[in-house]
Amino acid sequence: PSAPPAAVLATALVALFGPVFGEYLLIVFAALAGAMWPLSSMRTPTVWDGTKLVVRLVLTASVLGSFAAGIPSQFAPAVGAWCIGALGDRWKDLIKLGFDRLRGKAGDPA
């Protein structure tokens, strides 16, 4: 029995590029898992709006997470990508919270 050409091609590509793209695939899957959280809590009028949200979050987390792919820890980039994906569109809230805390510490003489 012989394998279909698509299966042979897929096997060859995984064998060739698996070691190279393995950590990047981990980042993408972690970002996808993280993006499910904002998607579940957000009201999207259409399926297309939900798709755009997930694609935007996964791409953002993948790009930012891939910069951390050189970190020696095996799972650190994936955890970072998950956090970015889970943060979703709440970046402004996080930045505002950070500035409020900094202002609070700068104004506190103790």
Side-chain angles (χ1 to χ4, degrees):
S2 66
V8 173
L9 180 63
T11 304
L13 289 175
V14 168
L16 287 173
F17 297 116
V20 175
F21 294 123
E23 61 189 25
Y24 295 106
L25 288 176
L26 180 65
I27 290 169
V28 169
F29 287 135
L32 183 62
M36 293 299 114
W37 191 354
L39 178 66
S40 68
S41 65
M42 190 172 186
R43 294 254 161 154
T44 54
T46 64
V47 173
W48 183 244
D49 290 335
T51 303
K52 289 190 299 187
L53 173 72
V54 169
V55 168
R56 186 179 69 230
L57 294 177
V58 168
L59 287 176
T60 302
S62 297
V63 168
L64 295 176
S66 65
F67 289 125
I71 295 175
S73 173
Q74 180 178 352
F75 298 110
V79 171
W82 183 87
C83 291
I84 292 168
L87 189 59
D89 287 336
R90 295 183 302 260
W91 289 99
K92 291 178 186 174
D93 297 339
L94 182 67
I95 292 170
K96 183 180 180 300
L97 177 68
F99 279 130
D100 289 346
R101 296 242 174 147
L102 284 174
R103 260 188 253 133
K105 290 201 184 230
D108 187 14

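Computed over heavy atoms, backbone and side chain alike; hydrogens, waters and symmetry mates excluded.
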- Query: Are Arg103 and Asp100 close enough for a salt bridge, meaning some N to O gap below 4.0 Å?
  - Reply: yes
- Are Val58 and Met36 connected in a single hydrophobic cluster, I mean Ile/Leu/Val/Met/Phe/Trp/Tyr linked by side-chain heavy atoms less than 4.5 Å apart? yes
- Treating Ile, Leu, Val, Met, Phe, Trp and Tyr as nodes and any side-chain heavy-atom pair under 4.5 angstrom as an edge, say whether Val54 and Leu59 lie in one connected cluster. no
- Message: I need the full list of salt bridge (Lys or Arg N to Asp or Glu O under 4.0 Å) pairs touching residues 45-55, with sequence neighbours left out, sorted by first then second residue.
- Response: Asp49-Lys52
- Query: Any salt bridge (Lys or Arg N to Asp or Glu O under 4.0 Å) pairs touching residues 24-44, not counting sequence neighbours?
  - Reply: none
- Message: Minimum heavy-atom separation for Ala35 and Leu57, please, with both atom names.
- Response: CB-CB, 4.0 Å
